[in-house]
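Have a look at the structure below, then the notes.
All values below come from the heavy atoms of this structure, side chains included, with hydrogens, waters and symmetry mates left out.
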Amino acid sequence: MNEDYGYPPPMGHPTRPQQRVTFRPLRNGLDYLDDVVDRLTPPADGGPIADRNLKYAILHLQAGVEVLLKARLEREHWTLVVLDALPKKQGSLGVTRTQFEGGRFKTIGLPETLDRLKQVADIDLEGHRQALVELSETRNALQHYGLDQTAEAIQGQAAQVLGFLLWFINEHLHDDLDAEDRRTVASVRSRLSALTVFVAKRMAALAGELGPLASSIVSCPNCQQPALVTGRSQITCRFCFAPWGEPEHAALRYVARQSAGSGLVGPTLCPRCGFDAVVLDIATAAEPDGRSALCFGCGCGIDVSECAGGCGKRLLFIAEAEAGTRCSACPPSVETVAVEHAAEG
């Protein structure tokens with residue numbers, strides 16, 4: 001039969017191949033997230049975000065929250081996301097696996113999802129419950145009753161939950177992502193810096209965590225935010241959760257990602273921790289206009305001194321007594337030779 005008109009196609013007319021739309025739960029949730037970031041990105045002309053985009057950002061963000069949280073819960077067992085999975089009456093089958101796979105069931109709500117994640121999967125999200133419930137209430141108002149809020153309030157609410165979702169994906173769904181999922185997550189991360197309200201809200205939330213670490217924090221090339229914390233076994237951006245790997249690999253990647261005119265030098269060997277992970281002439285959150293030598297391995301600032309032999313090579317040292325020394329390529333000073341001869345005598 002003709003798919004468009006309900007009658008057989010003319011002789012010799014090829015039938016159109018059937019198009020199938022397939023979204024597994026995790027892919028579906030990430031697709032919502034991708035759309036939310038698109039809708040919250042300010043227009044290129046600097047104008048306000050359209051009301052319609054704000055509305056659908058909230059609707060899709062709430063949908064993304066439920067889908068992604070339940071995707072993690074379903075990993076424990078599919079019946080955990082089903083309302084009344086077990087039969088209530090004698091002779092009733094409850095919800096079968098076939099019905100579940102066909103989408104013929106009622107799912108649990110957000111509060112129940114949070115409770116079951118804590119009870120069954122040992123994932124405690126109580127610190128995020130209020131923000132998630134408030135988003136759910138905003139979504140319900142939008143969909144059923146109408147809403148009267150400022151654009152800033154909606155953006156701020158969305159920003160808070162968006163930050164939570166990025167964290168949740170990184171912590172609890174990372175191993176379930178396939179290649180396409182990872183590309184979507186990477187795309188979302190790369191566009192976060194354009195969300196002005198999100199950036200301000202997220203950086204304010206991270207201030208207490210990042211403040212004491214300012215001297216070991218550099219700007220993340222991925223999201224352009226000063227939130228890449230060094231001195232860890234695995235280097236990760238606290239803003240966009242982009243993974244940078246082990247210290248030596250992270251330092252090498254960091255230098256490679258910078259523009260040719262950035263002036264960064266390294267990585268080179270750290271005299272403190274022994275990692276080949278010191279990057280010279282790098283700006284940190286503590287000295288955004290300065291140029292430091294920072295080790296990605298221990299997160300420490302390393303002092304730099306020019307070789308006293310006059311070759312121009314810069315030496316790294318960790319104690320003032322080491323300043324003024326010479327590199328191995330330069331001959332020792334007259335004073336050093338005299339001291340060595342005196343010791344031999």
Side-chain angles (χ1 to χ4, degrees), residues 20-39 55-147 154 157-158 160-178 180-181 184-185 188:
R20 300 191 65 82
V21 179
T22 304
F23 280 98
R24 74 188 204 287
L26 184 53
R27 170 105 294 276
N28 197 27
L30 293 176
D31 187 60
Y32 278 127
L33 189 59
D34 188 53
D35 181 73
V36 168
V37 174
D38 271 346
R39 293 183 181 277
K55 169 184 144 182
Y56 281 105
I58 289 293
L59 294 177
H60 292 175
L61 184 57
Q62 171 61 19
V65 166
E66 295 211 16
V67 170
L68 291 171
L69 293 185
K70 290 173 186 177
R72 177 58 185 86
L73 191 56
E74 187 183 337
R75 189 202 295 175
E76 302 297 322
H77 199 273
W78 64 269
T79 57
L80 291 171
V81 303
V82 176
L83 183 66
D84 299 330
L86 299 177
K88 285 188 172 182
K89 302 177 183 177
Q90 187 174 6
S92 171
L93 295 177
V95 176
T96 66
R97 182 62 187 252
T98 300
Q99 289 174 317
F100 174 77
E101 292 176 349
R104 301 189 302 276
F105 67 94
K106 291 183 179 180
T107 185
I108 58 176
L110 178 63
E112 185 93 24
T113 301
L114 295 173
D115 291 341
R116 293 187 182 186
L117 280 170
K118 183 177 181 179
Q119 295 165 0
V120 180
D122 198 26
I123 299 175
D124 188 351
L125 302 177
E126 286 304 309
H128 305 280
R129 182 184 287 265
Q130 182 176 351
L132 296 175
V133 170
E134 287 177 355
L135 176 69
S136 178
E137 292 172 349
T138 301
R139 174 261 183 193
N140 288 341
L142 266 172
Q143 184 157 331
H144 301 294
Y145 312 111
L147 184 69
I154 293 175
Q157 188 178 43
Q160 187 174 6
V161 175
L162 184 57
F164 158 76
L165 274 184
L166 285 170
W167 168 83
F168 185 81
I169 291 167
N170 187 68
E171 290 293 319
H172 301 293
L173 292 171
H174 185 269
D175 292 341
D176 299 330
L177 304 178
D178 63 21
E180 185 179 0
D181 297 334
T184 300
V185 172
V188 168

Donor-acceptor pair, distance only, cut-off 3.5 Å: does the side chain of Lys70 make one with the backbone of Ile108?
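The answer is yes, because a donor-acceptor pair under 3.5 Å joins these two groups.
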Under a 3.5 Å distance rule, please check whether Ser136 uses its side chain to pair with a backbone N or O of Leu132 as donor and acceptor.
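Checking the backbone N and O of Leu132 against the side chain of Ser136, no donor-acceptor pair under 3.5 Å is found.
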Inter-residue atom distance [X].[atom1] - [Y].[atom2], 0.5 Å rounding:
X: Leu117; Y: Glu76; atom1: CG; atom2: CD; value: 8.5 Å
X: Gln62; Y: Glu134; atom1: CD; atom2: CD; value: 12.0 Å
X: Asp35; Y: Tyr56; atom1: CG; atom2: OH; value: 10.5 Å
X: Glu66; Y: Asn28; atom1: CD; atom2: CG; value: 12.0 Å

So, do [X] and [Y] sit near enough that their side-chain heavy atoms are less than 4.5 Å apart?
X: Thr184; Y: Asp31; value: no
X: Leu165; Y: Leu61; value: yes
X: Glu74; Y: Leu80; value: no
X: Leu125; Y: Leu69; value: yes
X: Val81; Y: Thr113; value: no
X: Gln157; Y: Ile58; value: yes
X: Leu177; Y: Leu30; value: yes
X: Leu162; Y: Val37; value: yes

Whether Arg129 and Asp115 form a salt bridge (side-chain N of Lys/Arg under 4.0 Å from carboxylate O of Asp/Glu) is what I want to check.
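Salt bridge between Asp115 and Arg129, a charged N being under 4.0 Å from a carboxylate O: yes.
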If you take all heavy atoms of [X] and [Y], which pair is closest and at what distance?
X: Glu180; Y: Asp178; result: N-OD1, 3.1 Å
X: Tyr32; Y: His60; result: CB-O, 3.5 Å
X: Leu166; Y: Leu33; result: CD2-CD2, 4.5 Å
X: Arg75; Y: Leu173; result: NH2-CA, 4.1 Å
X: Val67; Y: Pro25; result: CG1-O, 2.9 Å

Surrounding CG of Asp122 (heavy atoms of other residues, nucleotides or ligands, distance under 6.0 Å), is the total greater than 12?
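No, the 6.0 Å shell around CG holds no more than 12 heavy atoms from other groups.
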Near Gln130 CD, under 6.0 Å, is it more than 12 heavy atoms from other residues, nucleotides or ligands?
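Open.
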Should the pair His172 and Trp167 be assigned to parallel (<30°), tilted (30 to 60°) or perpendicular (>60°) ring geometry?
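Perpendicular, since the angle between the ring planes exceeds 60°.
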Side chain to side chain contact (heavy atoms under 4.5 Å, CB included) between Thr107 and Leu83, intermediate numbers included
CA-CA 5 Å; Thr107 185; Leu83 183 66; over 6 Å; no
Apply the test side chain to side chain contact (heavy atoms under 4.5 Å, CB included) to residues Leu114 and His128: give CA-CA distance (whole Å), side-chain angles for both, the deciding distance (0.1 Å), then the verdict.
CA-CA 10 Å; Leu114 295 173; His128 305 280; over 6 Å; no
